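Here the structure is a predicted model, which means the values were calculated and not measured. Both backbone and side-chain heavy atoms feed into the values below; hydrogens, waters and symmetry mates do not. Just so we're on the same page: letters track the sequence lines, and every chain starts at 1.
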There are 2 protein chains.
Amino acid sequence: MTAEGARPQRGRPRDPATDRAILDAALELFVEKGADGASMQAIAARAGVGKLTVYRRWSSKEELIAQAIESTRGDLAAQPVDDTAATVTELVEQVVPAAAAAITRPGFRAVLAQMLGSAQTHPRIMEACWEHYILPQREAAADLLARAVEEGTVEAGADFDALIDMMVGAVIYRVLQPVPLDAAEAERYLRSVYRQAGLLPAAPGRG
Amino acid sequence: MTAEGARPQRGRPRDPATDRAILDAALELFVEKGADGASMQAIAARAGVGKLTVYRRWSSKEELIAQAIESTRGDLAAQPVDDTAATVTELVEQVVPAAAAAITRPGFRAVLAQMLGSAQTHPRIMEACWEHYILPQREAAADLLARAVEEGTVEAGADFDALIDMMVGAVIYRVLQPVPLDAAEAERYLRSVYRQAGLLPAAPGRG
DNA sequence: TATGTTTACGGTACCGATCCGTTAATGAAT
DNA sequence: ATTCATTAACGGATCGGTACCGTAAACATA
């Protein structure tokens with residue numbers, strides 16, 4: 001939609017820094033005020049740019065915000081995991097601190113809430129959020145479950161989809177609750193969920 | 001906020017049907033367009049009422065929508081349960097069809113999504129939704145878990161809060177997913193979740 | 001019964017603010 | 001000189017909220 005396609009090389013070229021400034025501003029305002037509350041002129045103003053400069057690049061707000069979301073890494077997907085870890089338990093313990101930090105970030109709850117709010121009225125935005133913030137969580141959980149089945153800590157007959165929903169859903173649901181979560185609580189909470197799902201040993205031995 | 005408190009008894013009394021019409025219109029528009037998209041004049045128009053008639057009763061849109069939400073039974077809390085049921089399994093089987101019907105209603109997803117979207121920008125609305133749509137689910141789940149512990153199907157040491165989050169969270173998360181759910185799938189899904197939590201026997205014998 | 005007072009009601013108009021999308025003028029790079 | 005990016009300004013629309021009008025419904029008093 002940035003119309004990058006067949007733009008001729010004549011005349012004054014567009015400033016790539018302007019693209020980024022607009023995308024950043026759009027994401028910030030979306031997180032702060034939602035898709036409806038973020039106006040095009042507010043986005044332009046925060047980007048330090050004229051309104052037409054935005055309209056030349058994106059024809060609709062929905063598309064702009066969706067691309068702004070897509071231009072970010074989802075924070076949870078970006079955890080480098082040491083694949084040589086032997087057991088699922090080790091793998092989980094390796095992931096928990098970073099995951100706890102990610103879900104505790106104030107912005108995480110904000111993006112999640114605004115995204116879900118967009119579901120009804122802005123499907124395109126919902127779609128972008130889902131792909132970049134939710135699916136990575138699902139995939140990580142699915143990997144862990146697959147390993148756990150190999151190890152025998154999770155029974156092979158279990159309903160995988162439901163189990164993933166329970167893990168991811170619990171985290172999302174907990175994050176959205178009015179009572180916030182600090183980093184230490186988040187770690188404890190994540191371990192509790194993993195344990196209940198069979199990805200950590202039942203013994204509450206650590207901590 | 002309806003200022004019902006010290007209103008003198010002289011003059012023409014307010015029409016209670018008008019209150020209901022406004023609340024219904026507000027809820028409908030909130031579900032359709034969200035808290036920002038629902039304008040006061042649209043609410044008044046749909047209620048077949050002058051704008052002032054709305055402002056006479058509610059001083060702000062946030063308060064009106066919050067009360068509109070509070071004026072609805074949460075659909076899930078209203079299931080009469082036969083407390084004489086012997087086992088948790090019977091209890092769950094008794095609840096599943098109604099719960100499946102409730103979470104499959106198109107309005108359920110809409111309210112949920114709009115509510116969560118309001119979390120960031122309209123705390124008062126979030127609060128009302130939480131109390132009327134989420135807490136009943138939690139309490140029902142907690143009751144079932146308590147029974148299950150007595151029966152021994154759920155280990156006493158389990159993290160109740162996390163387990164409830166997983167059950168409620170899974171349902172919410174599943175309902176919000178782009179792919180909708182029909183009644184039969186919802187029943188199967190609910191059983192899967194209950195089973196994974198230990199509230200139904202592992203054998204997939206029924207159905 | 002008849003009259004007056006009080007409040008609710010629907011409808012219209014208005015205010016300042018904000019939004020969107022476009023147009024006109026200016027500036028930069030070729 | 002040409003071509004495009006950019007900013008500033010504009011017009012139409014809508015928002016939340018208020019003010020006013022004429023009317024309808026309940027009360028009080030006579």
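- Counting heavy atoms from C-beta on, the side chains of B:R147 and B:L199 never come closer than 4.5 Å.
- Residues B:L144 and B:M167 have side chains not in contact (no heavy-atom distance under 4.5 Å, counting atoms from C-beta outward).
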At under 4.0 Å between heavy atoms, how does the protein contact nucleotides 17-23 of chain C? Give one character per nucleotide, 5' to 3', with B, S or -. -SBBBBB

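- Sequence neighbours left out, the pairs with a member in residues 116-125 of chain A that pass side chain to side chain donor-acceptor pair (under 3.5 Å) are A:D36-A:H122, A:E63-A:R124, A:E70-A:R124.
- One can place NZ of B:K33 at 13 Å from C1' of D:dC15, the figure rounded to the nearest angstrom.
- Atom CG in A:L23 sits 6.5 Å away from atom CG in A:L64 (nearest 0.5 Å).
- For the helix from C:dT1-D:dA30 to C:dT30-D:dA1, the axis fitted to the five pairs at one end and the axis fitted to the five pairs at the other end meet at an angle of 10° (nearest 10 degrees).
- In terms of phosphate contacts, B:T18 brings a side-chain nitrogen or oxygen within less than 4.0 Å of OP1 or OP2 of C:dC9.
- In this entry the distance linking CG of B:L29 with C1' of D:dC15 reads 15 Å, nearest Å.
- Electrostatic pairing of B:R57 and B:D19 counts as a salt bridge here, judged by a charged N lying under 4.0 Å from a carboxylate O.
- Partners of B:D24 under the salt bridge (charged side-chain N to carboxylate O under 4.0 Å, His left out) rule, at least two apart in sequence or in another chain, are B:R20.
- B:R56 has its CZ atom 16 Å from the P atom of D:dG17, to the nearest Å.
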Going 5' to 3' through nucleotides 24-30 of chain D, assign each nucleotide B (protein heavy atom under 4.0 Å from a base atom), S (under 4.0 Å only from sugar-phosphate atoms) or - (no protein heavy atom that close). BBS----

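- Atom CG in B:D15 sits roughly 9 Å away from atom C1' in C:dA8 (whole-Å rounding).
- A straight line from CZ of B:R57 to C1' of C:dT7 spans 12 Å, rounded to a whole angstrom.
- In this pair, A:F108 and A:Y133 present their aromatic rings tilted. The plane angle is within the 30 to 60° band.
- Whole-Å rounding puts the B:R46 CZ to C:dG10 P distance at 17 Å.
- Inter-residue side-chain proximity for A:I69 and A:M115 is flagged as unmet; no heavy-atom pair is nearer than 4.5 Å.
- The side-chain heavy atoms of B:D161 and A:Y189, taken from C-beta on, include no pair separated by under 4.5 Å.
- For residues 38-54 of chain B, every residue pair satisfying the side chain to side chain donor-acceptor pair (under 3.5 Å) rule, not counting sequence neighbours, is listed here: B:E28-B:R46, B:E32-B:R46.
- Across the protein-nucleic acid pair, B:W58 atom CH2 and C:dA8 atom C1' stand 14 Å apart, rounded to whole Å.
- Look at B:R191 and A:D159 and you find no salt bridge, because none of the NZ, NE, NH1 or NH2 atoms lies under 4.0 Å from a carboxylate O.
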